[in-house]
Protein chains: 6
Amino acid sequence: MRYIESFREGDQVSDIYLCKQKQTLVSKVGKNYDSLTLQDKTGVVDGKIWDPNSAAIEDYDSMQYVFINAEVTIFNGKPQLKITRLRKVRDGEFNPADYVPCSPYNIDEMFAELKKLIASVKNPYLGKLLKMFFEEDEKFAAAFKLHSAAKSVHHGFAGGLLQHTLAVTKTCDFLASSYGILNRDLLVTAAIFHDAGKIRELSSFPLNDYTDEGQMIGHIVIGSEMVTEAAAKIEGFPHRLLTELKHCILAHHGEYEFGSPKRPAIIEAVALAYADNLDAKIETLTEAFNGVTPGDPTWLGYNKWLDTNIRRTGIYDV
Amino acid sequence: MRYIESFREGDQVSDIYLCKQKQTLVSKVGKNYDSLTLQDKTGVVDGKIWDPNSAAIEDYDSMQYVFINAEVTIFNGKPQLKITRLRKVRDGEFNPADYVPCSPYNIDEMFAELKKLIASVKNPYLGKLLKMFFEEDEKFAAAFKLHSAAKSVHHGFAGGLLQHTLAVTKTCDFLASSYGILNRDLLVTAAIFHDAGKIRELSSFPLNDYTDEGQMIGHIVIGSEMVTEAAAKIEGFPHRLLTELKHCILAHHGEYEFGSPKRPAIIEAVALAYADNLDAKIETLTEAFNGVTPGDPTWLGYNKWLDTNIRRTGIYDV
Amino acid sequence: MRYIESFREGDQVSDIYLCKQKQTLVSKVGKNYDSLTLQDKTGVVDGKIWDPNSAAIEDYDSMQYVFINAEVTIFNGKPQLKITRLRKVRDGEFNPADYVPCSPYNIDEMFAELKKLIASVKNPYLGKLLKMFFEEDEKFAAAFKLHSAAKSVHHGFAGGLLQHTLAVTKTCDFLASSYGILNRDLLVTAAIFHDAGKIRELSSFPLNDYTDEGQMIGHIVIGSEMVTEAAAKIEGFPHRLLTELKHCILAHHGEYEFGSPKRPAIIEAVALAYADNLDAKIETLTEAFNGVTPGDPTWLGYNKWLDTNIRRTGIYDV
Amino acid sequence: MRYIESFREGDQVSDIYLCKQKQTLVSKVGKNYDSLTLQDKTGVVDGKIWDPNSAAIEDYDSMQYVFINAEVTIFNGKPQLKITRLRKVRDGEFNPADYVPCSPYNIDEMFAELKKLIASVKNPYLGKLLKMFFEEDEKFAAAFKLHSAAKSVHHGFAGGLLQHTLAVTKTCDFLASSYGILNRDLLVTAAIFHDAGKIRELSSFPLNDYTDEGQMIGHIVIGSEMVTEAAAKIEGFPHRLLTELKHCILAHHGEYEFGSPKRPAIIEAVALAYADNLDAKIETLTEAFNGVTPGDPTWLGYNKWLDTNIRRTGIYDV
Amino acid sequence: MRYIESFREGDQVSDIYLCKQKQTLVSKVGKNYDSLTLQDKTGVVDGKIWDPNSAAIEDYDSMQYVFINAEVTIFNGKPQLKITRLRKVRDGEFNPADYVPCSPYNIDEMFAELKKLIASVKNPYLGKLLKMFFEEDEKFAAAFKLHSAAKSVHHGFAGGLLQHTLAVTKTCDFLASSYGILNRDLLVTAAIFHDAGKIRELSSFPLNDYTDEGQMIGHIVIGSEMVTEAAAKIEGFPHRLLTELKHCILAHHGEYEFGSPKRPAIIEAVALAYADNLDAKIETLTEAFNGVTPGDPTWLGYNKWLDTNIRRTGIYDV
Amino acid sequence: MRYIESFREGDQVSDIYLCKQKQTLVSKVGKNYDSLTLQDKTGVVDGKIWDPNSAAIEDYDSMQYVFINAEVTIFNGKPQLKITRLRKVRDGEFNPADYVPCSPYNIDEMFAELKKLIASVKNPYLGKLLKMFFEEDEKFAAAFKLHSAAKSVHHGFAGGLLQHTLAVTKTCDFLASSYGILNRDLLVTAAIFHDAGKIRELSSFPLNDYTDEGQMIGHIVIGSEMVTEAAAKIEGFPHRLLTELKHCILAHHGEYEFGSPKRPAIIEAVALAYADNLDAKIETLTEAFNGVTPGDPTWLGYNKWLDTNIRRTGIYDV
C-alpha cells in the first residue's frame with residue numbers, strides 16, 4: 001500500500017484511503033467542489049475534487065473507505081491530492097488496520113504480558129474480577145486490545161489503551177516490590193482497571209471520538225461503575241476491598257481539577273496516580289520527539305501540557 | 001425534659017442525655033477522672049466525673065444514653081457539669097428525637113410537599129424512578145426524611161437532607177417556569193436526587209459521621225450509582241435521558257475543585273448547581289444568624305465559607 | 001426590508017444598511033478598493049467596492065446608514081456583497097430598530113412588568129429612589145428600555161439590560177417568598193439597580209461599545225455612584241439602608257476576581273449575586289443554542305464561559 | 001507617666017490608662033472577677049480585679065480612661081496587673097495622645113511636607129481639589145493628620161495615614177522625575193488621595209476599628225466617591241481628568257483579588273499601585289523588626305504577609 | 001539506656017538526654033523555674049526544674065547533653081519530668097546515635113547499594129563527578145550518610161537523606177529500564193545529586209535546623225552550585241551535559257510554586273521530579289501510619305500534605 | 001541608509017539588510033521561490049525572490065547581511081519586497097548598529113551614570129565585586145552595554161539591559177535615601193547585578209535569542225553563579241553578605257510563579273523586586289504607547305502583561 005507520509009509532488013496515487021471528513025464548497029468562480037480529508041495510519045492529507053458531478057466520481061460520504069486516482073500537488077508547502085476518480089470500496093478490499101494509527105509495540109505481546117500480571121494477583125476476589133473482564137468477556141478483551149487511550153493527546157492510537165495500561169501496571173508492580181507498605185494485589189488490579197472506562201468514553205477506531213456518555217459521565221466514573229456491577233456478581237466480595245478499588249479508580253487523576261471526585265486517601269491510590277501521570281508525560285514527550293533525531297539540541301518550542309519549551313537530551317557516547 | 005441550652009450556674013440536673021464522647025484522663029494530682037461530652041438536641045455540654053470508681057457511677061461508653069445527677073458550674077465562661085451519679089438507660093426510657101438537632105420545619109409536611117413535586121413529573125421513566133425510591137422503598141423514604149445533609153456545616157440536623165432537597169427542588173421548579181428552555185421533568189428529578197447519595201455518605205443520627213464509603217467514594221458518585229442501578233430495572237429507560245440525569249447529579253457541585261468530576265454541560269445541570277449552592281449559602285447564613293436579633297447591626301466576624309465578615313440586614317419599619 | 005440573514009448567492013440587493021466598519025485597502029494589482037462591514041438586526045455581511053472612485057459611489061463613513069445596489073456572491077463559503085452603487089441616507093429614510101439586534105421579548109411588556117415590581121416595594125425610601133429613576137427621569141427610563149447589557153457576550157442586544165434586569169428581579173422576588181429571612185424590599189430594589197451603571201458603561205446602539213468611563217470605572221462603581229447621588233436628594237434616607245443597597249450593587253459579581261470590590265456580606269447580596277450569575281449563564285446557553293433544533297444531541301464544542309463542551313438536552317415526548 | 005512597656009515584676013503602679021476591653025468572668029471557686037485590657041501608646045497589659053464589688057472599685061466600662069492602683073505580677077511569662085483600686089477620670093486629667101500608638105515621625109513636619117507637595121501641583125483643577133480637602137476643610141485635615149492607615153497591620157497608629165500617604169507621594173514624585181512619560185500632577189494628586197477613604201473606613205483613635213461603611217463599601221470606593229462629590233463643585237473640571245483620577249484610586253490595589261474593581265489601565269495607576277504596595281511591605285518589615293537589633297542574624301520566623309521567613313540584613317562596617 | 005517512649009507515671013529516671021531547649025520562667029508565686037525539652041531518638045519529653053538554684057543543678061545550656069535524676073509525672077495526659085539533679089556530661093559518656101531519630105534501614109547497607117548504582121554509570125564525566133563526592137570526598141560521604149532530608153516533614157531523621165536518595169535513584173533506574181528513551185546515566189546521576197544541597201541547607205544532627213544559607217538560597221540552587229564547582233575541575237566535561245544535569249537538579253520540584261526556578265524541559269527531568277515526589281508522598285504516609293496496626297480501618301483525619309483525610313488499606317488474607 | 005519603516009508602494013530599494021530568516025517554498029504552479037524576512041533597526045519586511053536560480057541571485061543564508069535590488073509592493077496592506085538582485089556583503093560594508101533595534105537613550109551616558117553609582121558603593125567587598133565585572137572585565141562591560149534585556153517583551157533592544165539596570169538602580173538609590181532601614185550598598189549592588197545573568201541567557205544581537213543555558217538554567221540562577229564565582233576570588237568576602245547578595249538576585253522576581261526559587265526574605269530583596277517589576281511595567285507601557293500621540297484618548301485594546309485594556313493619559317495644558 002502507498003502510505004500518505006510518502007507522498008511527493010507529482011506522484012500519481014491509486015489506492016484506498018479512509019475519507020475522514022467531506023465538505024462541499026463553492027469556488028470563487030461559483031462552482032461547487034469537494035474538500036476531503038483522507039487518512040491512513042501514517043497521517044492525513046487534504047484532497048480536492050474539482051468536478052464532483054463527473055461520472056468518474058461515485059457517491060460517497062465521510063467515514064467511508066474510497067479508492068481514488070489522484071495527483072499529488074503542493075499547497076502552502078504541504079501535499080494535496082487532486083482527485084480525478086473515486087469509488088466506494090467494500091469490506092474485504094482493504095485491511096482496516098492500515099487506516100488507523102497504531103501502537104509501535106506488538107499488541108498480542110503486550111496483552112500476554114498484561115495477562116501474566118493478572119495471573120500474579122493472589123487475592124481471589126480481585127483475581128476473579130480481572131478474569132471476568134480480560135478472560136471471560138471476549139468482547140471486552142478484544143475491544144481493550146484495540147482501543148486508544150485518547151482522542152488527540154498521548155496514546156491516541158490503536159493499542160494505546162493497552163500500551164498505557166501495561167506501562168502503568170508495570171511501574172506499580174515495581175513500586176509494590178520497592179515499598180513493602182503497598183498492597184500489591186490492590187495496586188496492580190487498580191492499575192489494570194484505572195482507564196477501563198475509556199472503552200465507553202471513546203468510540204472505537206476509525207472514529208475514535210468522545211461518546212455522549214464519555215462527555216457527560218467520563219471514564220473515571222464509568223470505570224468505577226463497571227467494577228461495581230461486576231463485583232456484585234462475585235459472592236462474598238469484601239465491601240471494604242471494593243470501596244478501596246473504586247477509590248483508586250476515582251482518585252487516579254490525583255487532583256480535583258483534573259476530574260477526580262476524590263483525592264487519593266490510601267497509599268495505593270497515591271502510587272497509582274503518580275504512575276499514571278508519569279506514563280502520560282513520558283509518552284507525551286516521546287510523541288513530541290517523534291521525527292526528531294536523538295540527541296538533536298534544537299529546542300522544539302512550547303509544549304502546552306508540560307508548560308515549558310522542550311528539547312531532546314544529548315547523547316554522549318564515549 | 002431539661003434542655004442543655006437552659007443550664008445556669010448552680011442548677012441541679014437529673015435527666016437523660018446522650019454521651020457523645022468519653023475520655024479517661026489523669027489529674028495534676030495523679031488521679032483518674034472522666035471527661036464527657038453530653039448532647040441533646042439543643043447543644044452539647046462538657047461533664048466531669050471526678051470519682052469514676054464510685055459505686056454511684058455505672059459502667060458506660062460513648063454513644064450511649066445515660067441518666068445523670070449533676071451540678072452546673074462555670075468554667076472558662078461556659079457551663080460544665082460536675083456529675084455525681086450516672087447510670088445507663090434502656091431504650092424506651094427516652095425519646096431519641098430529643099437528642100439530635102432537628103430541622104425547624106415539620107418533616108411530614110416537607111415530605112408531603114416533596115411528594116407533590118414528584119407527582120408532577122410527567123415523564124414516565126423519571127416518574128417511575130422517583131417512585132421506586134420515595135414511595136416503593138419505605139426504608140429509603142424513612143431514612144431520607146430523618147437524614148442530615150452534613151456532618152457539621154449547613155443542614156447538619158435531622159431532616160436537613162429533606163429540607164435542603166425540598167428548597168432546591170422548589171427553586172428549580174420556579175426556574176423551569178421562568179425559563180422555558182429548561183426541561184422541567186429532568187430538572188425537578190435531578191434536584192430531588194442530587195444529594196440522595198448522602199444516605200450512604202453519612203451515617204444516621206445520633207452518630208451522623210462520614211462512613212467509609214462516604215470518605216472514599218462520596219455522595220456525588222454514590223448518587224449516580226443509585227440512579228444507575230434503579231434505572232436498570234425500568235424497561236426502556238432512554239439511555240440518553242439516564243445519562244443526562246446522572247450528569248446533573250455528577251455536575252451539581254459546579255466545579256472540579258468542589259468534587260464534581262464533570263462541569264455542567266447541559267442547561268439543567270447549570271440551573272441545579274446554582275439552586276443547590278444558593279440554598280447552601282442561605283442556610284449557612286441563617287444558621288450563623290441563629291441567636292442574633294433580626295436587624296442587629298453588629299458584625300459577626302469572619303465567615304469562612306463566605307470568605308468575608310458578615311452581619312444581619314437592618315429592619316426599616318415605617 | 002431585505003434582511004442580511006436571507007441573502008443567497010446571486011441575489012440582487014437594493015436596500016439600506018448600517019455601515020459598521022469601513023477600510024480602504026490595496027489589491028494585488030495595486031488598485032485601491034473599499035472593504036465594508038454592513039449590519040442589520042439579523043447579522044453582518046462583508047461588502048467590497050472595487051471601484052470606490054466611481055461616480056456611483058458617494059462619500060460615506062463608518063457608523064453611517066447607506067443605500068446600496070449590490071450582488072450577493074459567496075467567498076469562503078460565506079455571502080459577500082459586490083457593491084456597485086452607494087449613497088448616504090438621511091434620518092427618516094430608515095427605522096433604526098431594523099439595524100440593531102433586539103431582545104426576543106416585547107420591551108413595553110417587560111418594562112410594565114418591571115414597574116409592577118417597583119410598585120410592590122413598600123419601604124418608602126427605596127420606593128422613592130426607584131421612582132426617581134424609572135418614573136420621574138424619562139430620559140433614564142427610555143435609555144434603560146433600549147440599552148444592551150453587554151458588548152458581545154450574553155444580552156448584547158437592544159432591550160438586553162431590561163430583559164436581564166427583569167429576569168434577575170423576578171428570581172429575587174421568588175427567593176424572597178421562599179426564604180423568609182430575606183428583606184424583600186432591599187433585595188428587589190438591589191436587583192433592579194444592580195446593572196443600572198451599564199447605562200454609562202456602554203454607549204447606546206448602534207455603537208454599543210465601552211465608554212471611557214466604562215473602561216476606567218466600570219458599571220459596578222458607576223451604579224453605586226448613581227444611587228448615592230440620588231439618595232442624597234431624599235430626605236431622611238437611612239444611612240445604613242443606603243449602605244446596604246450600595247453594598248448589594250458593589251458585591252453583585254460575588255467575587256473579587258470578577259470585579260466586585262467587596263464580597264457579599266449580607267444575605268440579600270448573596271441572593272442577588274446568585275440570581276444575576278444564573279441568569280447570565282442561562283442566557284449564554286440560550287444564545288449558544290440559537291439555531292440548534294431542540295433535542296439535537298450534537299455536541300456544540302467548547303464554551304469558554306462555562307469552561308466545558310456543551311449540548312442541548314434531549315426531548316422525551318411520550 | 002508610667003508606660004506599660006516598662007512594667008517589671010513587683011512594681012507598684014498608680015496611673016491612668018485606657019480600658020480597651022472589660023469582661024466579667026467566674027473563677028473556679030465560683031466568684032465573679034473582672035478581666036481587663038489596659039492600653040497606652042507603648043502597648044497593652046492584662047489586668048485582673050479579683051474583688052470587683054469592693055468599694056475601692058468604681059463603676060467603669062470599656063473605652064473609658066481609668067486611674068488604677070495595682071501590682072505587677074508575671075503570668076505565663078507576661079506582666080499582669082493585680083488591680084486593687086480603680087476610678088474613672090475626667091477629660092483633662094490625661095493627654096489622649098499618651099494612649100494611642102503613634103507614628104515615630106513628627107506629624108506637623110510630615111503634614112508640612114505633604115502641603116509642599118500639594119502646592120507643587122500645577123494643574124488648576126487638581127490643585128483646587130487638593131486644597132478643598134487639605135486646606136479649606138479643617139476638620140478633614142485635622143482628622144487626616146491623626147488617622148491610622150489600618151486596624152492591625154502596617155501603619156496601624158495615629159499619624160499612620162499621613163506617614164503612609166507622604167511616603168507613597170514622595171516615591172511617586174521621584175518616579176515622575178525619573179520617567180518622563182508620567183503625568184506628575186495626576187500621579188501626585190492620586191497618591192495624596194489614594195487612601196483618603198480610610199477616614200470613613202476606620203473610626204478614629206482610640207477605637208480605630210472598621211466602621212459599618214468601611215466593611216460594606218471599603219476605602220477604595222469611598223475615596224472615589226469623595227473625589228467625585230468634591231469635583232462636582234469645581235466648575236469646568238475636565239471629565240476625562242476626573243475619570244483618570246478616580247481610576248487611579250479605584251485601581252491602586254493593583255489586582256482584583258486585593259479589592260480593586262479595575263486593574264491599572266493608565267501608566268500613572270500602575271506607578272501608584274507599586275509605590276503603595278512597596279511602602280506597605282517596607283513598613284510591615286520595619287514594624288516586624290521593631291525591637292530586633294540592627295544586623296541581628298536571627299531568623300524571625302514566618303511572616304504571613306510576605307509569605308516567607310524573614311530576618312534583618314547584616315551590618316558590614318569596615 | 002532508658003528511652004523516652006517507655007516513660008510511665010511514677011518512674012524514676014537516671015540517665016543522659018539531649019537538652020534540646022531550655023527556658024527560664026516565673027511561676028505564679030513569683031519564683032524562677034526552668035522548663036526543658038529533653039530528646040532521645042524515640043522522642044521528646046518536657047521537664048521542669050522547680051529549684052534551679054539548688055546545688056544539685058549544675059550550669060547547662062540548650063544543645064548540651066545532661067545526666068538527670070527525675071520522676072515521671074503526668075500533665076495534660078502526657079509524661080513530664082520533675083528533675084531534681086542535673087549535670088553536664090562529657091563526650092564519650094554517651095553515644096550520640098542514641099539521641100537522634102534514625103532511619104529504620106541500615107545506613108551502611110543503603111550506602112553500599114547507592115555506590116553500586118554509582119559504579120553502574122558508564123558516562124566517564126558523570127561517573128567521575130559522582131566519585132568526586134561519594135568516594136574521594138570522605139567528609140561529604142560521611143555527612144551524606146548521616147544527614148536528614150528535612151527538618152520536620154518526611155525523612156526528618158539521620159540517614160533520611162540517604163534513604164530518600166536511594167529510593168528515588170532505584171525508581172529512576174527502573175524507569176530507565178522501562179522507557180528506552182530515557183538516558184540512564186544522566187537520570188541516575190541526577191537522582192543521586194538531586195537533594196545533595198541539603199547537606200548545606202540543613203545543619204547536622206542533633207540540631208537539624210535550617211542554616212542561613214538554606215533559608216536564603218535553598219538546597220535546589222546550592223545543589224546546582226556544588227555540581228558546577230566540581231565539574232569545573234573535570235577536564236572536558238561537556239557543557240551541554242553539565243547544563244542538563246544542573247537543569248534536572250533545578251527542576252526537580254517540578255513546578256515553580258514548589259521552588260524550582262525552571263520546569264522540567266527534558267525527559268529525564270520529568271522522570272526525576274515524579275520519582276522524587278512519589279517517594280516523598282509514600283514516606284509521608286508511611287510515617288503517618290507509624291503506630292497504626294496494618295489493616296486498621298480507622299480514619300486518621302486530615303493530612304495537610306495530601307490535602308485529604310487518610311487511612312490505612314485493608315488486609316485481605318484468604 | 002534607506003530604513004524599512006520608510007518603505008512606500010512603488011519605491012525602488014537598493015541597500016543592505018540583515019536576512020533574519022530564509023525559506024524556500026513552492027508556488028501553486030509548482031515553482032520554487034524564496035521567502036525572506038529582512039531586518040534593520042526600524043523593523044522587519046517580507047521579501048520574495050520569484051526566480052531564485054537567476055544569475056542575479058547569489059548564494060546566501062539566514063543571519064547574513066545582503067545587498068538587494070527590489071521593488072516595494074503591498075500585500076495584505078503591508079509592504080513586501082519583490083527582489084530581483086541579491087548579493088552577500090562583507091564586514092565593513094555596513095554598520096551592524098543599523099540593523100538592531102536600539103535603546104532611545106545614549107549608551108555611553110547611561111554606562112557612565114551606572115559607573116558613578118558603582119563608585120558610590122562604600123563596602124569594599126561589594127565595591128570590588130562590582131569593579132571586577134564592570135571595570136576589570138572589559139569583555140563583560142562591552143557585552144553588558146550592548147545586550148538586550150529580553151527576546152521580545154520590554155527592553156528587547158540593544159542597550160536594553162543597561163537601560164533597565166540603570167533605571168532599577170536609580171530607583172533603589174532613591175528608596176535607600178527614603179527609607180533609612182535599607183542597606184544602600186547591598187541594595188544598589190544587587191540592583192546592578194540582578195539581571196547580569198542575561199548576558200548568558202540571551203545571545204547577542206543580531207540573533208538575540210535564548211541560549212541553551214538560558215532555557216535550562218535561566219538568568220536568575222546564572223546571575224547567582226556569576227557572583228558566587230567572582231566573590232570566591234575576593235579574600236575575606238563575608239559569607240553572610242554574599243548570601244544576602246545572592247538571595248537578592250535569586251528572589252528578584254518576587255514570587256515562585258515568576259521563576260524565583262526563593263521569596264524576598266530581607267528588606268533589600270523586597271525593595272529590589274518592586275523596583276525591577278515597576279520598571280518592566282512602565283517600559284512595557286512606554287513601548288505599547290510608541291507611535292501613539294501623547295494624550296490620545298483612544299483605547300489600545302488588551303495588553304496581556306497588564307491583563308487589561310490600556311490607553312494613554314490625557315494632557316491638560318492650562
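In what follows, every heavy atom counts, from backbone to side chain, and hydrogens, waters and symmetry copies are set aside. So you know, we letter chains A, B, ... as the sequences are listed, proteins then strands, and number each from 1.
Closest approach of Y179(C) to A167(B), counting heavy atoms only: OH-CB, 3.7 Å.
Checking N183(C) against Y316(B) by side-chain atom types alone, no donor-acceptor pair falls below 3.5 Å. Inspection of the S120(C) and R184(C) side chains reveals an N or O donor paired with an N or O acceptor under 3.5 Å.
For the set L306(B), V270(B), I282(B), D185(B), the entry with the most heavy-atom pairs within less than 4.5 Å of chain C is I282(B). In terms of non-hydrogen atom pairs under 4.5 Å with chain C, the most contact-rich of L278(B), I310(B), T286(B), N309(B) is L278(B). The candidate from L186(B), L285(B), I315(B), T284(B) with the greatest count of non-hydrogen atom pairs under 4.5 Å with chain C is L285(B).
Contacts from residues 240-253 of chain C to chain B, taken as heavy-atom pairs separated by less than 4.5 Å, involve R240(C), L241(C), E244(C) in sequence order. Contact residues of residues 260-268 of chain C toward chain B are R263(C), P264(C), A265(C), I266(C), I267(C), E268(C) (heavy-atom distance under 4.5 Å).
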For H164(C) and H147(C), run ring pair (Phe, Tyr, Trp, His ring centres under 6.0 Å): C-alpha distance rounded to whole Å, both residues' side-chain angles, the deciding distance at 0.1 Å, then the answer.
CA-CA 11 Å; H164(C) 171 62; H147(C) 224 74; over 10 Å; no
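No side-chain heavy atom of K41(B) sits less than 4.5 Å from a side-chain heavy atom of V100(B).
Interface remark: D279(B) contributes backbone and side-chain atoms alike to the contact with chain C (heavy atom separation under 4.5 Å). At a 4.5 Å heavy-atom cutoff, L126(B) makes no contact with chain C through either its backbone or its side chain. Of the two parts of L182(B), only the side chain, counted from C-beta on, holds a non-hydrogen atom closer than 4.5 Å to a non-hydrogen atom of chain C. Contacts between Y274(B) and chain C at a heavy-atom distance below 4.5 Å involve backbone atoms as well as side-chain atoms. Interface remark: N277(B) contributes backbone and side-chain atoms alike to the contact with chain C (heavy atom separation under 4.5 Å).
Less than 6.0 angstrom separates the ring centroid of F193(B) from the ring centroid of F133(B).
Between D173(B) and K170(B) there is no salt bridge, since no side-chain N of the basic residue sits under 4.0 Å from a carboxylate O of the acidic one. Using a 4.0 Å cut-off between charged nitrogen and carboxylate oxygen, K128(B) and E136(B) count as a salt-bridge pair. Between D296(C) and R311(C) there is no salt bridge, since no side-chain N of the basic residue sits under 4.0 Å from a carboxylate O of the acidic one.
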